[in-house]
J.: 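The structure under discussion is supplied below as structure tokens; questions concerning it will follow.
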Amino acid sequence: MADLLRLENVSKVYSRGLINAQSTIALRNMSLTLREDEPTILTVAGESGSGKTTLAMLLLGFILPTTGQIIYRGRNISTLHGGDKMAYRREVQAVFQDPFAVFNPFYTVDHLLTVPIQRFKLAKSKADARSKMEEALTAVGLRPEDILGRFPHQLSGGQRQRINVARALLLKPKLLIADEPVSMVDASLRATILETLRNLQRDHGVSIIYITHDLTTAYHIAKSIIVLYRGSVMEAGDVDTVIKDPQHPYTQLLVDSIPWPNLDQRWGAQPIKAREAGGGGGGCRFRSRCPQAMEICATEPPLFGLSPSHTASCYLHQEQPEVAMARLSELLPA
Amino acid sequence: MNVTLVHSAVQPHVPMSIAAAEPVLRVRNLEVTYYTDSGRAKALDNVSFSLKAGEKLGMVGESGSGKSTLALAMMRMIKPPGRIEGGQVLVGDTDLMALDQEGMRKARLSRIAYIPQGAMNSLNPVMRIGAQMIDAVRSHLPDEPKPAVEARCKRALQSVDLDAGVFRMYAHELSGGMKQRVCIAIGILLDPDVIIADEPTSALDVVTQRQVMETIDNVQKAINAAVILIGHDMGLMAQFVDRVAVMYAGRLVEMSSVREMFTDPKHPYSRALIRSLPSLDNKGVFQGIPGLAPSLLRLPTGCAFHPRCDSAMPECSTARPEAQILPGGRSVTCHLFDGEA
């Protein structure tokens with residue numbers, strides 16, 4: 001079946017300076033396939049600087065990869081033009097972290113919904129446009145009469161974030177990239193927004209890439225997870241397996257640091273090594289903080305398959321069969 | 001001091017912090033109102049609580065429930081159109097509300113310290129970290145000799161696990177977690193009795209968050225200060241605090257020990273809050289709290305929570321509930337518990 005979007009060995013390097021040029025590898029050799037016929041929710045998790053937002057920007061076509069290519073419906077997105085580019089822009093939508101920054105305070109929130117309708121010629125008449133807007137707002141659990149005609153400052157963060165989801169929904173996308181959609185929203189509203197996202201996947205067949213540092217919400221919404229650290233995949237697979245039985249020392253540290261709202265499940269006692277500044281040398285990116293680092297870690301670890309739906313990039317599991325990066329998507333259950 | 005020593009000699013198992021049962025912080029009937037163009041918004045309504053030395057209190061609630069206003073009011077940093085309308089904030093025997101401007105300036109940082117929300121943006125980008133710390137000490141202890149001030153600053157940096165080299169650095173050279181720890185170091189420079197931390201980790205990832213919280217924990221134990229942690233992450237509360245206070249629309253609706261709060265929440269709002277928490281066992285169950293937080297300008301009559309409450313009774317829309325102290329010392333502001341006190 002058709003692949004919707006495919007990353008082939010994508011790396012993104014940010015360099016600065018002319019003479020003593022310094023470069024930071026934000027994402028290295030990432031391969032990923034999203035299929036059109038199996039809508040899924042994939043979490044990309046990692047701390048700040050892990051490359052998760054770089055991945056989102058690449059998928060949205062806002063930045064171009066340094067090496068490798070991003071293929072959308074069989075064509076490289078850097079060469080898309082005209083109608084194809086419009087289709088890509090419509091089918092790949094985004095919800096960003098900050099529900100306050102995406103609104104222009106001088107316009108009513110309708111603006112955010114009417115612009116895409118005009119741009120993509122989604123409606124035949126004003127009444128049609130209005131009914132489409134109302135439909136999208138209802139789908140995300142908002143009452144259109146409470147929302148339309150209001151200014152952004154009159155709405156709460158949770159309402160605004162749901163308007164963003166409604167805007168994405170209006171365009172009937174195939175892929176929604178949600179970059180930390182709930183991190184700036186009250187805890188009591190998080191559940192509502194996550195549920196909206198999940199319904200989008202279930203009822204409207206939208207694939208979602210959920211980018212977060214919060215493994216708690218990732219666990220609840222996603223089917224599969226990729227854990228990134230400094231641009232490299234550390235561990236990936238089925239979300240239940242990865243979070244309940246993490247095999248990579250980095251994932252173990254992450255899971256250990258989740259503040260579960262449970263008095264009998266304490267934070268781990270494992271001391272945390274501070275992260276070193278700079279890009280670090282070759283080999284495993286986590287080596288300098290890893291409590292179980294070995295000599296072999298100075299060489300770049302491949303992915304080792306732990307089960308049909310679980311892989312970790314760590315030499316602790318070197319007796320397991322290696323998995324090629326290109327096959328990563330096969331390990332992620334849809 | 002002698003008394004305490006004699007006391008602990010008699011009861012060797014009781015640590016000093018508990019032996020000194022007198023609360024270090026008492027907030028009584030604190031009221032804050034914002035006078036806006038569209039009306040008066042009562043952001044804090046008759047808030048009272050007390051804290052013992054070494055105790056950690058978590059203050060939770062939705063945005064707009066008055067958590068940050070409470071912190072600012074205790075620091076007397078409410079700006080117009082807001083006004084503190086009444087109440088007392090007693091640190092030891094000093095009522096902060098009765099101090100003059102100069103007295104309050106002295107009390108800030110030395111008696112009561114505030115670690116603001118997004119503390120990483122509150123450092124001066126063009127001053128070295130050390131200079132900012134010295135500034136803070138100097139304004140309180142103008143007579144302390146320079147080497148002693150520097151030693152004090154470096155000790156504070158050390159206690160938050162930062163290298164002494166940070167003293168000579170600028171804010172942009174530090175990561176988010178390090179900046180947050182610098183702010184904590186500044187907060188504890190003068191060994192305050194009370195530390196208020198307003199969402200100290202809201203912009204940090206889980207690993208850094210754990211590091212920062214562990215730092216606050218260690219520092220707090222070292223100087224035996226009372227800590228108020230403001231936030232809406234119940235998971236963090238479960239890991240960190242001893243007692244939890246829940247705020248709703250400017251009122252304290254429930255206050256109990258962290259264990260009671262998580263195992264047997266009383267107020268319907270706290271119950272909904274606890275129910276909405278994600279855990280490992282209920283995968284894929286999303287239970288938000290229906291409805292929206294009310295606007296302070298148009299509060300519902302009676303109990304402000306009644307339009308969203310699943311156990312609302314007729315009287316909830318007419319009569320305002322008062323705080324009830326239940327057996328065991330927890331307090332609940334809800335008509336369900338009228339007469340149980």
Side-chain angles (χ1 to χ4, degrees), chain A residues 45-50 141 146 154-159 183-199 212-222 239-240 243-244 250 253-268 270-272 274-275 277 289, chain B residues 60-65 161-163 173-178 201-211 213-214 217 231-240 257-259 261-263 269 272-293 295 308:
Chain A
E47 58 185 49
S48 359
S50 63
D146 289 356
Q154 295 172 309
L155 301 172
S156 73
Q159 283 175 318
S183 68
M184 294 184 70
V185 174
D186 264 345
S188 54
L189 285 168
R190 278 182 194 178
T192 328
I193 289 173
L194 290 175
E195 198 173 8
T196 310
L197 286 177
R198 197 182 49 177
N199 293 343
T212 187
H213 65 251
D214 180 3
L215 293 180
T216 333
T217 53
Y219 172 76
H220 281 272
I221 187 176
V239 75
D240 278 86
I243 292 186
K244 285 191 175 155
Y250 176 61
L253 173 66
L254 270 186
V255 172
D256 220 22
S257 303
I258 300 175
W260 292 105
N262 182 344
L263 295 167
D264 304 312
Q265 195 173 353
R266 282 290 165 193
W267 261 336
Q270 193 192 98
I272 305 169
R275 182 176 151 174
R289 289 172 77 184
Chain B
V60 297
E62 290 161 302
S63 349
S65 60
D161 284 321
L162 284 174
D163 192 78
E173 295 174 271
L174 307 173
S175 70
M178 288 167 90
T201 61
S202 58
L204 305 173
D205 58 72
V206 281
V207 177
T208 320
Q209 164 172 291
R210 187 177 128 197
Q211 253 174 329
M213 293 319 292
E214 282 170 358
D217 204 31
H232 53 231
D233 186 343
M234 286 300 260
L236 206 58
M237 297 297 165
Q239 299 296 331
F240 184 75
S257 77
V258 66
R259 186 159 290 278
M261 182 60 79
F262 276 87
T263 52
Y269 177 65
L273 210 57
I274 297 292
R275 256 205 318 267
S276 73
L277 294 176
S279 78
L280 269 179
D281 314 318
N282 59 352
K283 181 178 161 108
V285 182
F286 299 111
Q287 212 164 15
I289 304 174
L292 288 172
S295 155
R308 298 170 75 184

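Letters A, B, ... mirror the listed sequences (proteins, then strands); counts begin at 1.
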J.: For B/L236 and A/P259, work out which heavy atoms get closest and say how close.
T.: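 Looks like N-CB, 3.7 Å.
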
J.: So, taking the atom named CD in B/Q209 and the one named CG in A/D214, what distance separates them when rounded to the nearest 0.5 Å?
T.: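 B/Q209 atom CD to A/D214 atom CG measures 9.0 Å (nearest 0.5 Å).
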
J.: Given heavy-atom pairs under 4.5 angstrom as the criterion, report whether the side chain, backbone, both or neither of B/V258 touches chain A.
T.: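 Both backbone and side chain.
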
J.: Suppose we screen for side chain to side chain donor-acceptor pair (under 3.5 Å). Which residues come up paired with B/D217, at least two apart in sequence or across chains?
T.: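 Side chain to side chain donor-acceptor pair (under 3.5 Å) check on B/D217 returns B/K56, B/K221.
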
J.: Name all residues meeting the side chain to side chain donor-acceptor pair (under 3.5 Å) criterion together with A/D240; count only those two or more places apart in sequence or in a different chain, and write none if there are none.
T.: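 B/K283.
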
J.: Could you grab the distance from atom CE of B/M213 to atom OG of A/S257, nearest 0.5 Å is fine?
T.: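 B/M213 atom CE to A/S257 atom OG measures 13.0 Å (nearest 0.5 Å).
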
